[in-house]
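The structure displayed is predicted, hence computed values, not measured ones. Computation of the quantities below employed the complete heavy-atom set of this structure, encompassing side-chain atoms and omitting hydrogens, waters and symmetry-equivalent molecules.
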Amino acid sequence: MKFSFAKFLKSFGFAFEGIVYAYKNEQNFRIHLGAATITILLAFWLDFSSIRMLLLFIVIGVVLALELVNTAIERVVDLVAKHHHPLAKEAKDAASGAVLVFSIIAVIIGVLLFIEPLINRMK
């Protein structure tokens with residue numbers, strides 16, 4: 001199979017379209033993106049170490065990626081299940097649940113990352 005650089009670049013365009021779609025159509029994606037922006041600004045203000053910043057970006061990236069996967073699952077389920085079906089609801093609920101579980105973990109990680117720098121800043 002021959003590698004096509006043009007095709008490779010085009011795939012980035014499709015990925016970007018997916019992100020833009022989620023931003024325009026998914027309230028939770030916008031909420032997570034806004035929270036991520038505020039969190040990153042606060043981390044810069046607190047002069048986070050490289051390790052803290054790396055962990056923060058990983059956590060933010062996973063939350064945003066899960067939101068995108070959740071959106072994809074919801075759209076596919078809506079496409080396949082034209083009428084309300086219990087399995088369709090379960091699939092969508094499970095995808096949303098995955099975002100919620102990691103979002104809770106992200107908050108816990110965030111508290112652990114921010115507590116020491118916040119305490120030191122208040123001294």
I'd like to know if V20 and F12 are part of one continuous hydrophobic network [Ile/Leu/Val/Met/Phe/Trp/Tyr, side-chain heavy atoms within less than 4.5 Å].
no
To which residues is I115 joined in a hydrophobic cluster, defined by side-chain heavy-atom contacts under 4.5 Å among Ile, Leu, Val, Met, Phe, Trp and Tyr, whether direct or through other members?
I119
What residues form a side-chain contact (heavy atoms from CB on, under 4.5 Å) with V59, not counting sequence neighbours?
F102, A106, I109
When rounded to the nearest 0.5 Å, the distance separating CD1 of I60 from CD1 of I40 is 4.0 Å
What's the shortest heavy-atom distance between R30 and N25, and which atoms?
NH1-N, 3.8 Å
Are any of the side-chain heavy atoms of H32 and V99 separated by less than 4.5 Å?
yes
Sequence-distant partners of A91, side-chain contact (heavy atoms from CB on, under 4.5 Å), two or more places apart
V77
Any idea which heavy atoms bring L68 and A22 closest together, and the distance?
CD2-CB, 3.5 Å
Is there a path of hydrophobic side-chain contacts, each under 4.5 Å between heavy atoms of I/L/V/M/F/W/Y residues, joining F57 to I105?
yes
Approximate separation, where rounding is to 0.5 Å, of N70 CG and D93 CG:
10.0 Å
Measure the shortest side-chain to side-chain distance between E67 and L33 over non-hydrogen atoms and say whether it is less than 4.5 angstrom.
no
Should S96 and E74 count as side-chain neighbours, where that means a heavy-atom distance under 4.5 Å?
yes
Should side-chain heavy atoms under 4.5 Å link Ile, Leu, Val, Met, Phe, Trp and Tyr, which residues sit in the same cluster as I104?
L100, I108, L112
Residues at least two apart in sequence or cross-chain that pass side-chain hydrogen bond (donor to acceptor under 3.5 Å, both in side chains) with E116, listed by chain then number, are R52
Interatomic distance, OG1@T71 vs CD1@I19, rounded to 0.5 Å, equals 11.5 Å
Give the ring-plane orientation class for F5 versus F8, where under 30° counts as parallel, over 60° as perpendicular and anything between as tilted.
tilted
Side-chain heavy atoms under 4.5 angstrom apart, residues restricted to Ile, Leu, Val, Met, Phe, Trp, Tyr: same cluster for V63 and V69?
no
Side-chain heavy atoms nearer than 4.5 Å, only ILVMFWY residues, links allowed to pass through others: does that put V107 and L41 together?
no
Measuring from L113:CG to L42:CG, what's the distance to the nearest 0.5 Å?
11.0 Å
Among residues at least two apart in sequence or on other chains, which ones pass side-chain hydrogen bond (donor to acceptor under 3.5 Å, both in side chains) with Y21?
R75
Mutual orientation of the aromatic rings belonging to F29 and Y23 [parallel < 30°, tilted 30-60°, perpendicular > 60°]
perpendicular
Nearest heavy-atom approach of L66 to A98 is CD1-O, 3.9 Å
Over 12 foreign heavy atoms within 6.0 Å of CG, L87:
yes
Is I38 linked to F114 within one hydrophobic cluster, defined over Ile, Leu, Val, Met, Phe, Trp and Tyr using a side-chain heavy-atom separation of less than 4.5 Å?
no
